[in-house]
Amino acid sequence: IPYRIYQKIKPSLKYFISYLCGNNAIIREEYYLLNYQHFTRTYSQREIAEYNVNLFLPINNVHFKHKRIIDDYANTLANFLAWDKKINLSEVIYLINQSKQVNIESSFFILLIVIEKIANSLYDSGVIDKKNGSIIEDEIFIKLKKNILPLIVANLNGNVSKKQVDQLKSKFGNINKLSKTENKIDVLLEFCEIKRTEEIDQLFPRLRNLAIHQGEISYDRNDSSKNYHT
């Protein structure tokens with residue numbers, strides 16, 4: 001490919017390779033042809049000594065040796081370059097690989113950030129239809145609200161001010177809406193064709209909120225590893 005094109009895709013290419021090898025690879029030397037002359041460019045980058053593997057691509061599993069997984073992955077490069085522009089897959093890969101260098105608690109926090117980052121990028125990418133974020137259908141909720149609000153006001157028996165009643169009505173009007181984070185996670189799961197399980201329901205929003213607000217990754221210490229792998 002022309003050198004000017006290579007320069008444009010080089011950052012993405014670096015993380016495409018980083019995902020394959022399970023480590024944040026760097027480019028230390030380049031060999032290319034420019035104006036019919038061969039050039040070698042060497043960068044003053046330190047050598048990465050840590051050893052990691054990608055647990056999502058079973059390229060080291062003997063049962064997959066004959067499957068040409070690396071060839072199949074290499075054939076996705078064009079698709080990767082396109083999606084990297086839309087949702088910044090390179091940064092996601094960087095964070096996933098960084099999460100392997102720390103303890104399980106820190107890794108859990110990093111992976112939460114990864115999920116929220118990719119969910120947010122996908123939601124704002126313009127390539128999907130955004131949901132309205134309702135828990136139940138709006139038509140059903142509107143009928144429910146018409147029946148319940150008068151009952152609430154009647155049972156207050158005038159013991160609260162009109163301002164408080166108006167505040168309560170305002171809060172009740174939003175009770176059918178998912179939080180912004182929950183809505184984006186739902187969009188991500190649906191886009192990736194991932195079915196919600198009990199473990200995923202535990203992760204979002206309960207464990208996510210516990211981790212962000214209290215710095216814990218489990219309600220039960222015995223679940224820490226399971227939650228991390230989820």
Among side-chain atoms of Y43 and E30, is any donor-acceptor pair under 3.5 angstrom? yes
Does T76 reach the main-chain N or O of N79 with its side chain, forming a donor-acceptor pair under 3.5 Å? no
Anything under 30° is parallel, anything over 60° is perpendicular, the rest tilted; go ahead and classify W83 against F191. tilted
On a heavy-atom basis, which atom in S12 and which in F80 lie closest, and how many Å separate them? O-CE2, 3.4 Å
Drop me the distance from D84's CG to S90's OG, to the nearest 0.5 angstrom. 3.5 Å
Please give me the minimum heavy-atom distance between K117 and L95, naming the atom from each residue. CD-CD1, 4.2 Å
If the plane angle is over 60° it's perpendicular, under 30° parallel, otherwise tilted; pick one for Y73 and F16. parallel
To the nearest 0.5 Å, tell me how far I93 CD1 sits from I17 CD1. 10.5 Å
Has the side chain of N155 got a donor or acceptor atom that lies under 3.5 Å from a matching backbone atom of L151? yes
For a quick test of reading the model, state the closest non-hydrogen atom pair linking K14 to S18 and the distance between them. O-OG, 2.8 Å
Is it the case that the side chain of S107 and the backbone of S99 share a donor-acceptor pair, with hydrogens and angles ignored and the cut-off at 3.5 Å? yes
Would you compute the distance between atom CG of L207 and atom CD of E199 and round it to the nearest 0.5 angstrom? 11.0 Å
In short, N97 meets Y19 closest at the heavy-atom pair ND2-N, 4.5 Å
How long is the straight-line distance from CG of N120 back to CD1 of I87, given to the nearest 0.5 Å? 11.5 Å
Examine distances only and state if a side-chain atom of S121 and a backbone atom of I118 form a donor-acceptor pair shorter than 3.5 Å. no
Intermediate values then yes/no, salt bridge (charged side-chain N to carboxylate O under 4.0 Å, His left out), D186 and R196: CA-CA 9 Å; D186 277 350; R196 273 194 173 270; 2.9 Å; yes
CD1/I185 to CD/E116 distance, rounded to the nearest 0.5 angstrom? 5.5 Å
Can you confirm whether the side chains of S106 and N103 place a donor and an acceptor under 3.5 Å from each other? yes
